[in-house]
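Report on one structure; see the data block that follows.
Counting starts at 1 for both ligands and their atoms, following the listed order. Worth knowing before you read on, the calculation uses all heavy atoms, side chains too, and leaves out hydrogens, waters and symmetry mates.
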Amino acid sequence: MPSSPPPSPSPSSLSISRHVAGVEYAIRDIIHYAKEQERKGNRVIYLNIGDPVLYGFGTPKHVKDAMVRAVLEDKNYYAESEGVRELREAIAERESAKGMHVVPEDVVVTNGVSEALDMIISSIAEPGDEVLVPGPCYPPYLSYARVRGVKPVEYATLEHEGWRIDMDDLRGKITGKTRAIFVINPNNPTGSILDEHTLEALVDTAVEHNLYLVCDEIYDRIVFDRFTSIGRYARDAPVVILNGFSKVYLMTGWRLGYICLNSNARSLDGLRASIGKLARLRLSANTPAQIAAIEALRGPQDHVDDMVSKLNARREYVMRRLDAMSGVNMYVKPRGAFYIFPRIDGSLGYSSDAEFVLDLLKSKNMLVVHGSGFGSMGYMHFRLVYLPSLDVLEDAMNRLEEFVGSHYR
Ligand SMILES: Cc1ncc(COP(=O)(O)O)c(C=O)c1O
C-alpha cells in the first residue's frame with residue numbers, strides 16, 4: 001500500500017528518529033484514501049476499524065454512570081501509578097478465574113493494551129533483540145518492536161488448519177537474540193482461537209528457552225466457541241497476560257487496559273520492577289475510567305451475551321454471502337473477535353492485496369484492510385470487520401459481490 005501522503009517535511013525540518021519514520025498502521029493509514037472518496041461526494045462503508053462503540057455497541061449504562069459519578073465526585077486526580085487498588089483486585093479475580101494465579105500486586109493498569117505492549121517490549125528487549133509474533137498479527141506488535149529497535153520475527157500459522165500455530169516453525173525461529181513469544185488469542189485479524197495442546201506447547205517452549213510468553217486476550221469473551229486462557233497452563237512459567245476494557249466492556253475511547261504477571265513466576269521479578277518503574281514514569285492511567293472499570297467488572301454482564309449473539313448473526317451472514325462469491329470464498333470460519341480474513345484468489349487478477357483493497361475502495365466505496373498490513377504472512381488476504389448492523393453489511397456484501405463478479409475470470 002502506498003503510504004498515505006505524509007505531510008512532506010519542509011526543507012528546514014529537524015531530524016526525527018529513523019525507528020519512528022518506519023512506523024505504519026495499516027488499519028488507520030488507509031483511511032486517507034476513503035476520505036478522498038468522500039471528498040468526491042461518495043458514501044464510504046468503513047469495515048476497517050475494530051471499534052464496536054462506533055458501530056452501535058454502546059458502553060453499558062451502569063459503566064457510563066459510574067464514569068460520570070467519578071468525574072462529578074471530583075475523582076479527577078492522578079491515580080496510583082500501578083492502578084486503583086480496588087480495580088487491581090477485581091482484575092486479579094477475573095484473571096485468576098481464567099486460570100493463572102494473579103494477585104493484585106501483579107496487576108498494572110495501563111492506558112489501553114497499546115501502552116501495555118509498549119511497556120512490555122521496552123522492558124524485555126534491547127535494540128537488536130528479536131521477539132516472535134504471530135503471522136499474521138495485529139500491526140502494533142510489529143511497530144512497537146521496531147520503534148524500540150527490536151526485530152519482530154513472524155512465526156507461521158497454518159491457514160488450512162484454522163490458523164493453528166506452526167510450533168515447528170516457531171521453535172525453528174528461536175535464536176540467541178529471541179526474548180519473547182507473543183500470542184494473540186483470539187487472534188486479530190484471523191479470529192482464530194488456540195487449542196489447548198498448542199497453549200501447553202507454548203508454555204513448554206517458553207520455559208525450555210527461557211523466554212517471556214506474552215498473551216493478548218483482549219477478545220477473551222467475544223467468542224463463538226470454547227476459549228481457554230493461556231493462564232490455565234501457566235504453572236510457574238514466565239507468562240504475562242495483556243487485556244483491556246476496549247472490546248468486551250465497550251470502552252475503546254476511554255483507553256484502559258492492563259498487564260497481569262503470573263504470580264507464581266519468580267522469573268518475572270525483573271519485569272515486575274521494570275513495569276512498576278515505567279508505570280510511575282507516566283504517572284497513572286485515566287482515573288475516572290478506572291473507577292468505571294470496577295463497575296464494568298463487578299456490575300451486570302448482560303451486554304456481553306447480547307453483543308456476542310448479534311455478532312454471531314453478522315458473522316453467519318457475512319460467511320453465507322462470501323460462500324456465494326467467486327474469488328473471496330476461501331476463508332477460515334472465525335471463532336472469536338469480529339474479523340474475517342478471506343483470501344484473495346489469483347483468479348481475480350490482482351498482483352497484490354493492497355491493489356485489491358484500493359480498487360475495491362475506488363470502485364465500490366467500501367473500505368477493508370489489506371492483509372499484508374498485518375505482516376508478510378497476511379499477504380493476498382483482506383480483513384473485514386463484521387461489526388456493522390445487518391443492513392449495512394448487506395449493502396457492503398452487495399458491493400463486494402458486484403466487485404468480485406466484475407473481476408472473476
Ligand atoms: C489484539 C489487539 N490488542 C490490542 C488492541 C488495542 O487495545 P487497546 O484499545 O486496549 O489499546 C487491539 C485493538 O484492535 C487488538 O486487536
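- For atom 7 (O) of ligand 1, the candidate residues are Asn188, Asn243, Ile218; the nearest heavy-atom contact is made by Ile218.
- Pairs passing the side-chain hydrogen bond (donor to acceptor under 3.5 Å, both in side chains) check and including a residue from residues 147-157, sequence neighbours excluded, read Asp118-Arg148, Glu154-Ser376.
- Against a heavy-atom cut-off of under 4.0 Å, Ile184 is close to the following atoms of ligand 1: 1 (C).
- Atoms of ligand 1 found under 4.0 Å from any heavy atom of Ser246 (numbered from 1 in listed order, with element): 8 (P), 9 (O), 10 (O).
- Residue pairs satisfying the salt bridge (charged side-chain N to carboxylate O under 4.0 Å, His left out) criterion with at least one member in residues 251-278, sequence neighbours excluded, are listed as follows: Asp106-Arg272, Arg266-Asp269, Asp269-Arg272.
- In terms of polar-atom proximity, Asn111 is not counted as a contact of ligand 1, lacking any N or O under 3.5 Å from an N or O of the ligand.
- The side-chain hydrogen bond (donor to acceptor under 3.5 Å, both in side chains) test with Arg298 is passed by exactly one of Glu93, Glu89, His62: Glu93.
- No side-chain donor-acceptor contact under 3.5 Å links Glu73 to the backbone of Val71.
- Ring pair Phe338/Tyr219: centre-to-centre distance below 6.0 Å.
- Distances shorter than 4.0 angstrom occur between a heavy atom of Gly112 and an atom of ligand 1.
- In Phe245, neither the side chain nor the backbone holds a heavy atom less than 4.0 Å from any atom of ligand 1.
- Those atoms of ligand 1 with a heavy atom of Arg255 less than 4.0 angstrom away are 8 (P), 9 (O), 11 (O).
- Using a 4.0 Å cut-off to heavy atoms of Ser114, the atoms of ligand 1 that qualify are 6 (C), 8 (P), 11 (O).
- Here Glu115 has no heavy atoms under 4.0 Å from ligand 1, in either its backbone or its side chain.
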Dump the intermediate steps for salt bridge (charged side-chain N to carboxylate O under 4.0 Å, His left out) on Glu200 and Arg232, then the final yes or no. CA-CA 9 Å; Glu200 205 169 4; Arg232 282 263 162 255; over 6 Å; no
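- Looking at ligand 1, you'll find an N or O of Val113 within less than 3.5 Å of one of its N or O atoms.
- Of the inter-residue distances, the one linking Asn398 atom CG with Lys364 atom NZ reads 10.0 Å to the nearest 0.5 angstrom.
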